[in-house]
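Have a look at the structure below, then the notes.
Each chain gets a letter, A, B and so on, in the order the sequences are listed, and its residues count up from 1.
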Amino acid sequence: MQSLITKETIRHLAKLARLELTTAEEEKILADLSKILAYFEELRALDTSAVVPMTGGTHLKDAFRDDEPLETNRGEGVDIFPESESGLLKIPPVFEP
Amino acid sequence: MTENLTIKKFHDGLAKKKFSAIEVAKDYFSRIKSADGKLGAYLSLNEERALADAEALDFAIGEGENIGLLAGVPLAVKDNILIKGLPATAASKILEYYRASYDAEVVRKLRNEHAIFIGKTNMDEFAMGASTENSAFKIARNPHDHTRVPGGSSGGSAAAVAADLAIAALGSDTGGSIRQPASFCGVVGLKPTYGAVSRSGLIAMASSMDQIGPITKTVEDAAILFRAITGKDRLDATSAETEFEDFENTSPETLRALTIGLPGEYFAGGLSKEVSSEIERVIEKFKALKFMFKKISLPHAKYAIPCYYLSMPAEVSSNLARFEGIRYGRNENLKSQTSPNGHSSGRISNLQEIYFKQRGAGFGPEVKRRIILGTFVLSSGYYDAYYEKAQRARMLIKQDFDEAFADVDVILSPVAPTTAFKIGEKIDDPLAMYLSDVFTGSVNLAGLPAISIPTKPSSALATKELPVGFQLIGKHFREADILGLGKLYERTFL
């Protein structure tokens, strides 16, 4: 089976994942992923048509709890943030003035 | 007197006033300072607070207060587990300046027991790896041979315990990350049943498989630590309350009634000579104790690695989306591109650009590889063929165990196919590194408990001989069986 992944695929995926990659990184990931996916081909031959997918690690269902207010650490997220001013988080400007 | 302490020995010494908590804590810090430069087990230390906690405990003991088994025990904590006010980098640049704003539930529980946290340990970045070479800050070395890896991803915790730079430690295990380093370093590592320990405050890698567990010098210590951290937590909806038996006092007769299964697929080849002969010896020892063995089959075992390495990256790509480079760290990269008046030509003008730049600069190669792979298997057109396929295979792997456990109580197997490999040996070949998880990953896919126990004590290793661990896999929430059996082995043969 031919490789599913091209450099364009990697670029598209990196864009979806909001990940800046250098050209060298693109090439390395392309080579690695092609190898990894080829190794995984064995799995595609396994007949799973009658199997229900196992999603998640638990069989617990509807794990509800009472909706009661708890003591929280409100404000501590601000204290721990690298820069803040009057209880507000300071982040770089993201809009054109 | 304060060397090679186990939790049990430390507690006895403290209770009999052979030493104080602060003496022992100070000894550990001085050992860390002389040995860890070379070993690289720790990423940060918590000396000031640890010594203050030890002093407060000594004062309470002086006042006649009764203390629990874990009081004053110097513990190391993997750096993806939050301790309020301390760094929690997960060995990633993107979290280099982050400080935890709350305690993980396991830390809260241990704090209530007056355990002492001496530092945060090195690991593969975001727990992705089997050698600790993926740490963004430094590599860690195997205490038995400094040219070799300690395993991973909890390599720092295992190395710290093996080198006696902590009495015990916490690690996390998503596909073998507690058990494999425990095997490589000659210590005990327990991966609890999925849901037995709260994941609140554990930096998520693959949420359907992650579990926190103990890395210790003895099985008895693993049982003590496990008992302290297990239980339902309202902040982790997948955690469960279970009644654990008093496995510390399970009689040998009760234990001997357990049937041990040997999965043919795990012994079918691919094991190194050292590992295979050590595991055979362990089987002989259990047979000498008149344990009943049964051959079992896990027919889908060969799909475990593909299944794991398709499922896990999908969860990774989702979980790591939260690291956008703003909320959890100093915005240094971004600030430097803006002049004081904010009118630099290199100025970042939109939010997406921040994400791309921060994530591109903040994540290491293995993390990027898994994010891309995970994004691929979840992307339109490939979801059914890869992600969903893997989830169906996961069900088959779990059903293999269900069927096996209808016949046997415990499964015995190797932990890893080899002993500790050389630093640099596998780092450029991700697939070779992934195969380190061949006997451990399926346990996480099925959500089962498993323990790695050294086949022999480190003191009995010949020159140049490296430690080997054997694995006992139990039924869901039957930690009592594997801990009890492990303790029997330890008492009889170690």
Of all the heavy-atom pairs spanning B:A393 and A:L43, show the shortest one and how long it is. CB-CD1, 3.6 Å
Donor-acceptor contact present, side-chain A:R65 to main-chain B:R234, <3.5 Å: yes
With a cut-off of 6.0 Å (strictly less than), are more than 12 heavy atoms of other residues, nucleotides or ligands near CD of B:E241? yes
What option among A:L60, A:D32, A:L89 has the most heavy-atom pairs under 4.5 Å with chain B? A:D32
For A:K35 and B:D429, work out which heavy atoms get closest and say how close. NZ-OD1, 3.2 Å
CD/B:E324 to CD1/A:I91 distance, rounded to the nearest 0.5 angstrom? 8.5 Å
Does a side-chain N-to-carboxylate-O contact under 4.0 Å join B:K368 and A:E25? yes
I need the minimum non-hydrogen distance between A:A63 and B:A237, along with the two atoms involved. CB-O, 3.6 Å
With only heavy atoms counted, which part of B:A100 is less than 4.5 Å from chain A, the side chain, the backbone, both or neither? backbone
Who in residues 371-378 of chain B is close to chain A, using a strict under-4.5 Å heavy-atom cut-off? B:I371, B:I372, B:L373, B:T375, B:F376
B:I397 portion near chain A, given a 4.5 angstrom heavy-atom threshold: neither
Against chain A, label B:D103 side chain, backbone, both or neither, depending on which of its atoms sit under 4.5 Å from a heavy atom there. neither
What pairs with B:D236 under side chain to side chain donor-acceptor pair (under 3.5 Å), at least two apart in sequence or on another chain? B:R199, B:T238
Checking B:Y434 against chain A: side chain, backbone, both or neither under 4.5 Å from a heavy atom? side chain
Please rank A:L33, A:L46, A:I36 by heavy-atom pairs under 4.5 Å with chain B and give me the top one. A:L46
Pick from B:R392, B:R394, B:M209, B:Q399 with the largest number of heavy-atom pairs that fall under 4.5 Å of chain A: B:R392
Atom pair OH/CD of B:Y102 and A:E76 - distance to nearest 0.5 Å: 12.0 Å
What residues form a side chain to side chain donor-acceptor pair (under 3.5 Å) with A:K15, not counting sequence neighbours? none
CD/B:Q391 to CE/A:M54 distance, rounded to the nearest 0.5 angstrom? 8.5 Å
Under 4.5 Å to a heavy atom of chain A? For B:L448 that would be neither
Proximal component of A:T22, with respect to chain B [non-hydrogen, under 4.5 Å]: neither
Most heavy-atom pairs under 4.5 angstrom with chain A, which of B:A240, B:P306, B:A390, B:G360? B:P306
How far does CG of B:L435 sit from OH of A:Y39, to the nearest 0.5 angstrom? 4.5 Å
Are A:E42 and B:K302 close enough for a salt bridge, meaning some N to O gap below 4.0 Å? yes
Do B:M395 and A:T48 make a side-chain contact, defined as non-hydrogen atoms from C-beta onward lying under 4.5 Å apart? no
By a 4.5 Å heavy-atom criterion (distance strictly below it), what part of B:S239 contacts chain A: side chain, backbone, both, or neither? backbone
Cation-pi geometry met for A:R18 and B:F323 (6.0 Å, 45°): no
Chain B contact via A:E68 - side chain, backbone, both or neither, heavy atoms under 4.5 Å: both
Contact class of A:D62 relative to chain B, heavy atoms under 4.5 angstrom: neither
Are any non-hydrogen side-chain atoms of A:R44 and B:Y386 less than 4.5 angstrom apart? yes
Would you compute the distance between atom CG of A:L37 and atom OH of B:Y309 and round it to the nearest 0.5 angstrom? 14.0 Å
From A:L30 CG over to B:R369 CZ, what is the distance, rounded to the nearest 0.5 angstrom? 12.5 Å
For B:N319, give me all partners under side chain to side chain donor-acceptor pair (under 3.5 Å), at least two apart in sequence or on another chain. B:S207
Chain A heavy atoms under 4.5 Å from B:H300: which part of the residue, side chain, backbone, both or neither? side chain
Which atom pair, heavy atoms only, marks the closest approach of A:K28 to B:P430? NZ-CD, 4.4 Å
